[in-house]
Amino acid sequence: MEKGLISVDRFTESSQAYFLTHLHTDHTQGLTSKWDRGPLFCSKLTAKLLPFKFPDFNLSLLRVVDLHIWHSFSLISPTTGSQITAHVMALDADHCPGGVMFLFRGGFGCLMYTGDFRWEADGVRAKDARSRLLDVLKNETVDILYLDNTYCNPSYDFPTREVAAQQVADIIASHPEHDIIIGIDTLGKEELLIHISRVLNIKIWVWPERLQTMHLLGFHGTFTTKTSLTRVRAVPRYSFSVETLEGLNTMRPTIGIMPSGLPWVLKPVKGDVNLFGSLLTSRYKKRQTSDKLDGNLGYADRYHQNMFSVRYSDHPCFAEIQEFIELVQPTNIKGIVSSSSCYVDPLYYFGRLCGVNQPPKRFVYKHERKEGDQKEVAASYFGNSPEAGRIKSRPVRVDHKRVNASRTSVSRRVRRGAKIVESDCSD
DNA sequence: GCGATCAGCT
DNA sequence: CACAGCTGATCGC
């Protein structure tokens, strides 16, 4: 098997160039403080944050990719041994601090890798992202869109983060005598906390490492590690459960708020099954029967006397995914979230939006292809002209029979990331 | 003893 | 189930 050329968010295998969209753990598998396998391309902010997650990282391997401009980088053709120039552009992913999408251009065609992203309709940042994207797409046709398909199902519907943040603020304001616990991760959802702080004029407690991150991000004054200064605390999501909440309530009245695009947050508690049931199987019923706070908090659900779930997400909801695809008009789409049996091939919903010369389906079935066979358009274009890689009349895999069928990756531990440019079709 | 990897859990 | 990530067991050095 030939070595890979370009890897995005995947660092467990050899490649010539490595790209990191953002610093969430499920996108850094294989990265360690001792990284020495090759240059690592990322945004300026990710480069700034990276040593905090990976102390002693060899900074000379970092290549900062500025937003919105094409950067050139070199690859060696595995077949001819000659040097090839490829180009990459980073675009704001609006996901977490430092998060970017990558657009690649070269003899392999044009590939877009969203990483994790959000694509809201409104807001200054969203509008800027949209115009930037439209601008670059004037001159490019995306052959393959590697898509954040986390919520690639019409049942995933949630508001903008601004709306969701206000819902959280409303919950807090309606519990003036309660302590508040909000579950967050090591990076992301800062704007939610900033919103709460500004609207309610209150500081937010975070744990010490998180305060360091906040300072690296340039947030000064809003956050504190002194519990005496505020009743609102942001805590690691993994440490957040009904049990801990009940424990806290033996000391002081406390409510928990879980910001999440997922419509469920709790598992059945041992010995208390009837209270929660299976939130997966009963989620639609739950949506209707769970308390809507005074009827005006929209998507906010009360799952427990002291626990609230608010649809605050850093991933695109289904409608946003659709709008993004309609904008990009890629020839083909691949989902980058493939870990679970929940994986839905984006082509199931959006195949009809792909490619301008989409062939009749019967041509697609010419030969049954296995997952490992659908190596990218990019794969065999080295040595050809860039234009060759952008011819749009190639067959497109639009295979509605394979809904939920791409499960060959279920056993993979590395859930995201891809070797997106390879020199041959073996894997 | 250490780091890398993985299972399990939330 | 799993947005992202912790803890602890195991394995190789």
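Remember, predicted model here, so these are calculated numbers, not experimental data.
Spacing between atom CG of A:Asp9 and atom P of C:dG5 amounts to 13 Å, rounded to whole angstrom units. Counting to the nearest Å, the P atom of B:dT5 and the NZ atom of A:Lys34 are 11 Å from each other. Rounding to whole angstrom units, CZ of residue A:Phe240 and P of C:dC6 are separated by 17 Å. Atom CG in A:Leu31 sits about 15 Å away from atom C1' in B:dT5, given to the nearest Å. One interatomic measurement links the two molecules: CG of A:Leu245 to C1' of B:dT10, which rounds to 15 Å at whole-angstrom precision. If you measure from atom CZ of A:Phe11 to atom P of B:dA4, you get 15 Å, rounded to the nearest angstrom. The CZ atom of A:Arg311 sits 15 Å away from the C1' atom of C:dA2 (whole-angstrom rounding). Whole-Å rounding puts the A:Asp314 CG to C:dG5 P distance at 11 Å.
Here A:His95 reaches the OP1 or OP2 of C:dA4: one of its side-chain N or O atoms lies under 4.0 Å away.
Of all the residues in residues 178-187 of chain A, A:Asp185, A:Thr186 reach under 4.0 Å from DNA chain C with at least one non-hydrogen atom.
Partners of A:Asp135 according to the salt bridge (Lys or Arg N to Asp or Glu O under 4.0 Å) rule, which considers only residues two or more places apart in sequence or in another chain, are A:Lys138. A:Lys34 is linked by a salt bridge (Lys or Arg N to Asp or Glu O under 4.0 Å) to nothing, counting only residues two or more places apart in sequence or in another chain. Residues meeting the salt bridge (Lys or Arg N to Asp or Glu O under 4.0 Å) test with A:Lys203, sequence neighbours left out: none. Shown here are the salt bridge (Lys or Arg N to Asp or Glu O under 4.0 Å) partners of A:Arg233, two or more places apart in sequence or in another chain: A:Asp179.
The list of salt bridge (charged side-chain N to carboxylate O under 4.0 Å, His left out) pairs with a residue in residues 55-74 of chain A, not counting sequence neighbours, is empty.
Within the 4.5 Å cutoff, the side chain of A:His178 has heavy atoms near those of the A:Ile255 side chain.
Using a 4.0 Å heavy-atom distance criterion, A:Ser313 is classed as making no nucleic acid contact.
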